[in-house]
Amino acid sequence: MARRKFVVGNWKMNGLSDALGEARAIFAAADSHSSVDVAICPPFTLIGAMVATAPGKAVGGQDCHGAASGAFTGSVAAPMLADAGASLVIVGHSERREGFGESDADVRAKAEAGLSAGLSVILCVGEPLAVRESGGAIDFVLAQVAGSVPESFDPQRLAIAYEPIWAIGTGLVPTVGDVAAMHGAIRGALAERFGDAAQAMRLLYGGSVNGDNAPELLNAGDVDGALVGGASLTAAKFVPIVEAAAAL
Ligand code: PEP
């Protein structure tokens, strides 16, 4: 089954309203590459303004609560993201799992909340360095997949992002062989659990992707796109990644 390439920018806690020009430039460049789906996930505070300045483009949240509403001071619910014009949400990023103690069960609840609100979901998994060095990366990540992927969903609306924690923001990247092995293992586990639906799910790689390494990372087996942090903040750095995806 042909899966469209998907390149997603995660702006993390970066971006004031003067950054909207970069988003406009990114989406304008993406218009020339119709084979690639391009999305930007800015901070919550910029979602509405980004949707307004780039109508019809894919703008997403970086997290959501597992409940649709309630007494959760400071949290944002998935229906609120949809109401603000978002069409997707990232859940289970390692900066949430590690920094905010989110468990697989929490991540699964967030993914279910996002899907119920009509959003597409990018669900992140990835191992810490000690696990990679001990040889346990695949088992670790497959346990995260088993614990955090919901039981039923539209496979076109749930993507998995493999993001080794030690590669995020460090400039380090796994070998192409290691990326392909991990993505193959994730696809295999999804196929065992969900059958043919696994072939429709997109698997993204994330961790220090840039314009130089994107061509080979995006070409690795079972890689359908990239989740990009630092290099997504400017059109100058992000557009070459979109171009690399379009060239495949
Ligand atoms: C991320 O935070 O999702 C990420 C991949 O960051 P970076 O590209 O900066 O490593």
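Just so we're clear, the structure is a prediction, and the values are computed from it rather than from any experiment. By convention here, the first residue in the shown sequence is residue 1. In listed order, ligands and their atoms are each counted from 1. Keep in mind that the numbers below use all heavy atoms, side chains included, and drop hydrogens, waters and symmetry copies.
Applying the side-chain hydrogen bond (donor to acceptor under 3.5 Å, both in side chains) criterion to N219, with sequence neighbours excluded, gives no partner residue.
A donor-acceptor contact closer than 3.5 angstrom is absent between the side chains of H93 and Q62.
Between Y205 and H183, the ring planes are tilted. Angles from 30° to 60° get that label.
Atom CD1 of I160 and atom CG of L204 lie 9.0 Å apart (nearest 0.5 Å).
Within the 4.5 Å cutoff, no side-chain heavy atoms of V7 are placed close to those of D37.
For ligand 1, the 4.0 Å heavy-atom shell contains residues N10, K12, H93, E163, A167, I168, G169, G206, G207, S208, L227, V228, G229, G230.
The shortest heavy-atom contact between A167 and L172 is CB-O, 3.2 Å.
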